[in-house]
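The block underneath contains the structure these notes are about, expressed in structure tokens.
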There are 2 protein chains.
Amino acid sequence: MLVLLVEDNRLLAKNIIHYLELKGIECDYAESIMQADSAVFSRIFDAIILDLNLPDGDGLEACKRWKDQCVISPVIMLTARSGLQDKLSGFEVGADDYLIKPFAMPELVARLKVIAERRPAPKLLKIGELEFDFAGHRVHRLGEELLLSRTGWKILSLLARRSPETVEREEVERLLWPDCLPDSDSLRSHMHLLRKIVDKPYKHHYLHTVRGIGLCLKVAACEA
Amino acid sequence: MLVLLVEDNRLLAKNIIHYLELKGIECDYAESIMQADSAVFSRIFDAIILDLNLPDGDGLEACKRWKDQCVISPVIMLTARSGLQDKLSGFEVGADDYLIKPFAMPELVARLKVIAERRPAPKLLKIGELEFDFAGHRVHRLGEELLLSRTGWKILSLLARRSPETVEREEVERLLWPDCLPDSDSLRSHMHLLRKIVDKPYKHHYLHTVRGIGLCLKVAACEA
DNA sequence: GTCAAATCACGTCAAAATCACGTCAAGAAG
DNA sequence: CTTCTTGACGTGATTTTGACGTGATTTGAC
């Protein structure tokens, strides 16, 4: 089991990580929302432990954003906010469980196990004629499956999660080549390949280039 | 949504039922374990609210029995027993959530909604011609038992639990070698062995490779 | 201000390099 | 003995690279 711990209190974090590892649970660690974002979108966790008071923003917002963007991993909120309204806000933005500080480690582990083993049924995201299944890593257009390469899927799913926002070129490149951006501009080729599969065979085009900015995936105005 | 409320305090029960119905949640009612048993085995509930102190026995035992007998409805325990050990016992026997009395109705509803949407972790599972017995660590295909190695079982059961999701290669490897991922790619060999037993002797193939992503086990489109 | 040249961002394509995977067999570990 | 690991090989898919064309945008001299 692999969990992501998002917690800015380093001492507490260290204790949690240590305890989880004793219990055979592997643990990635983020101490800010920014760090958490890049972790969440780069791999799938069996669960995310989310503190709500973070230096660079509110955990509630982050959780809502993740759920809106079809992040599958279940989220357990870990916080000192103990009011009923606080809890309800947590569940409102998609939390799978809510544990109040101070808490007992064994209870955290018990709840982690429950939410990790019983995942929510995968939801499908529809954008026009496109239908995304993030859990199955598949896309369909008008019922037909689009056979994408690994890179093609990565690009398209990022754009879908952000749709109809425009995603900056650089961000797409960071997703594809996290270590070092390529000297040449091979993203162009990938977009070409992607378009050939996603848009070319169909009437309407969903992949758009915003010159000088980046890329976006959205329903064409004329179609809507 | 249909829930089963198991609670011997009639006044509290009436309040809960009333509140749930306000929220559009249908509610069956049992005031003893005996009544609960007959309800649980006669229909499938989206969730079961289970009080632990009942006139004819302990809720913990009932819960354990249900889970042992593959009742898939999630159970939320509702009790005055607030000790850590009580909670752990609850999760131990398969509870999906644990709420301490006194509680706020809106929180109960929020938690009900979360657990009702989750996919259950069954002990028996059928996927096409395959039949899994997770407790007994056995698989049958068309009635014949498949004799798997320890590793083979681990891989296949993970894929089955997640079916029809695609499980990332890395996650399968983490399951097999929790400590350190192997330098060489021996998962390929295991898949080869596994396919020889699971798929090769039969017409339809269930094990699929999603190139660049991972593996999945599912009923082929053409078969359905 | 305006016009043309230079520059830039992008689409297109194909060849080459690389990678992921299925297959198998021999050896190691239990 | 069975099971697991390793490594080698072949194949086809994927990714990268670089070259070329086009139209937009900037630049700078007039």
Side-chain angles (χ1 to χ4, degrees), chain A residues 137-139 145-159 166-202 204-217 220, chain B residues 137-139 145-159 166-202 204-217 220:
Chain A
H137 295 263
R138 292 133 61 74
V139 212
E145 179 164 4
L146 304 179
L147 296 166
L148 302 176
S149 68
R150 181 240 260 301
T151 311
W153 165 258
K154 277 192 183 173
I155 298 174
L156 195 62
S157 60
L158 172 64
L159 296 181
T166 297
V167 182
E168 289 181 24
R169 244 191 138 63
E170 197 205 311
E171 189 176 346
V172 182
E173 292 185 329
R174 272 208 316 273
L175 171 79
L176 294 171
W177 304 283
D179 320 310
C180 56
L181 270 47
D183 40 345
S184 89
D185 176 9
S186 71
L187 176 56
R188 272 223 312 288
S189 296
H190 285 291
M191 285 308 298
H192 181 229
L193 261 10
L194 193 53
R195 285 189 158 109
K196 211 152 68 180
I197 298 172
V198 175
D199 273 344
K200 286 286 164 64
Y202 299 88
H204 303 295
H205 287 197
Y206 286 96
L207 289 164
H208 305 276
T209 299
V210 182
R211 202 188 158 79
I213 310 285
L215 303 158
C216 83
L217 182 132
Chain B
H137 291 223
R138 294 147 155 273
V139 212
E145 179 163 4
L146 303 178
L147 295 165
L148 300 176
S149 68
R150 209 162 48 86
T151 312
W153 165 258
K154 278 191 186 173
I155 298 174
L156 195 62
S157 60
L158 172 63
L159 296 181
T166 299
V167 182
E168 290 181 21
R169 246 193 138 63
E170 195 204 311
E171 191 175 345
V172 182
E173 291 184 332
R174 273 208 316 274
L175 171 79
L176 296 173
W177 305 283
D179 320 309
C180 57
L181 270 47
D183 41 345
S184 90
D185 177 7
S186 71
L187 175 56
R188 273 223 312 287
S189 297
H190 285 289
M191 285 308 298
H192 184 228
L193 263 9
L194 194 52
R195 285 190 158 109
K196 213 152 64 178
I197 298 172
V198 176
D199 273 344
K200 287 284 163 67
Y202 300 88
H204 302 295
H205 288 197
Y206 287 96
L207 289 163
H208 304 275
T209 299
V210 182
R211 204 187 156 82
I213 309 283
L215 302 158
C216 83
L217 182 133

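Values below: all heavy atoms of this structure, side chains included; hydrogens, waters and symmetry mates excluded. Within every chain, numbering begins at 1; the chains are lettered A, B, ... in the order of the sequence lines, protein sequences first and strands thereafter.
Note that CG of A/Leu176 is 5.0 Å distant from CD1 of A/Ile155, once rounded to the nearest 0.5 Å.
In this structure, B/Arg211 places its CZ atom 6 Å from P of D/dT14, rounding to the nearest Å. At whole-Å resolution of the value, CD in B/Glu173 and P in D/dC4 are 15 Å apart. In this structure, the CD atom of A/Glu170 is 13 Å from the P atom of C/dA9, given to the nearest Å. Computed from coordinates, the B/Asp199 CG to C/dT23 P distance equals 11 Å when rounded to whole Å. Summarising the geometry, the separation between CD1 on B/Ile155 and P on D/dT3 is reported as 14 Å, rounded to the nearest angstrom. The distance between atom CG of A/Asp179 and atom P of D/dT16, rounded to the nearest whole Å, is 12 Å. In this structure, NE2 of B/His205 is placed 18 Å from P of C/dC21, rounded to the nearest angstrom. Atom C1' of nucleotide D/dA13 and atom NZ of A/Lys196 are separated by 13 Å, given to the nearest angstrom.
Listed pair B/Trp177 / D/dT5 meets the phosphate criterion, a side-chain N or O lying under 4.0 Å from OP1 or OP2. For D/dG18, the OP1/OP2 oxygens have no side-chain nitrogen or oxygen of A/Arg188 closer than 4.0 Å. In terms of phosphate contacts, B/Arg195 brings a side-chain nitrogen or oxygen within less than 4.0 Å of OP1 or OP2 of C/dG22. Within the structure, every side-chain polar atom (N or O) of A/Ser149 is placed at least 4.0 Å from both OP1 and OP2 of D/dT14.
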List the atom pairs, with distances to 0.1 Å, where a side-chain N or O of residues 194-202 of chain B and a protein N or O form a donor-acceptor pair under 3.5 Å, not counting sequence neighbours.
{"from": "B/Arg195", "atom 1": "NH2", "to": "B/Thr209", "atom 2": "OG1", "distance (Å)": "2.8"}
{"from": "B/Asp199", "atom 1": "OD1", "to": "B/Arg141", "atom 2": "NH1", "distance (Å)": "3.1"}
{"from": "B/Asp199", "atom 1": "OD1", "to": "B/Tyr206", "atom 2": "N", "distance (Å)": "2.9"}
{"from": "B/Asp199", "atom 1": "OD2", "to": "B/Tyr206", "atom 2": "N", "distance (Å)": "3.0"}
{"from": "B/Asp199", "atom 1": "OD2", "to": "B/Leu207", "atom 2": "N", "distance (Å)": "2.9"}

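Within the 4.0 angstrom heavy-atom criterion, no nucleotide atom of any strand lies near A/Trp153. At a threshold of 4.0 angstrom between heavy atoms, the contacts of B/Ser189 include nucleobase atoms, whether or not backbone atoms are also involved. Base engagement by B/Ser186 is indicated by at least one non-hydrogen atom pair under 4.0 Å involving a base atom. Contact annotation for A/Lys154: no contact, since no heavy-atom pair falls under 4.0 Å across all strands. The residue A/Lys200 sits close only to the backbone: its heavy atoms come under 4.0 Å of sugar-phosphate atoms, none of a base.
Among all heavy-atom pairs drawn from B/Thr166 and B/Gly214, the shortest one is CG2-C, 4.0 Å.
Nearest nucleotide to the side chain of A/Arg150, out of D/dT15, C/dG22, C/dG11: D/dT15. Minimum atom distance to the side chain of A/Thr209 is reached by C/dG11, of the listed C/dC24, C/dG11, D/dT15. Here the nucleotide nearest the side chain of B/His190, chosen from D/dT5, C/dC24, C/dC10, is D/dT5.
Nearest-nucleotide positions on DNA chain D place A/Leu148 closer to the 5' end than the other of A/Leu187 and A/Leu148. Place B/His208 and A/Asp185 on DNA chain C by their nearest nucleotides, and A/Asp185 ends up nearer the 5' end. Nucleotides of DNA chain C nearest to B/His192 and B/Gly214 differ in position, and the one nearer the 5' end is that of B/Gly214.
Under the 30°/60° scheme for interplanar angles, the aromatic rings of A/His190 and A/Trp177 are found to be tilted.
Within a 6.0 Å radius of CD in A/Glu168, other residues, nucleotides and ligands contribute 12 heavy atoms or fewer.
No side-chain heavy atom of A/Lys154 sits less than 4.5 Å from a side-chain heavy atom of A/Leu158.
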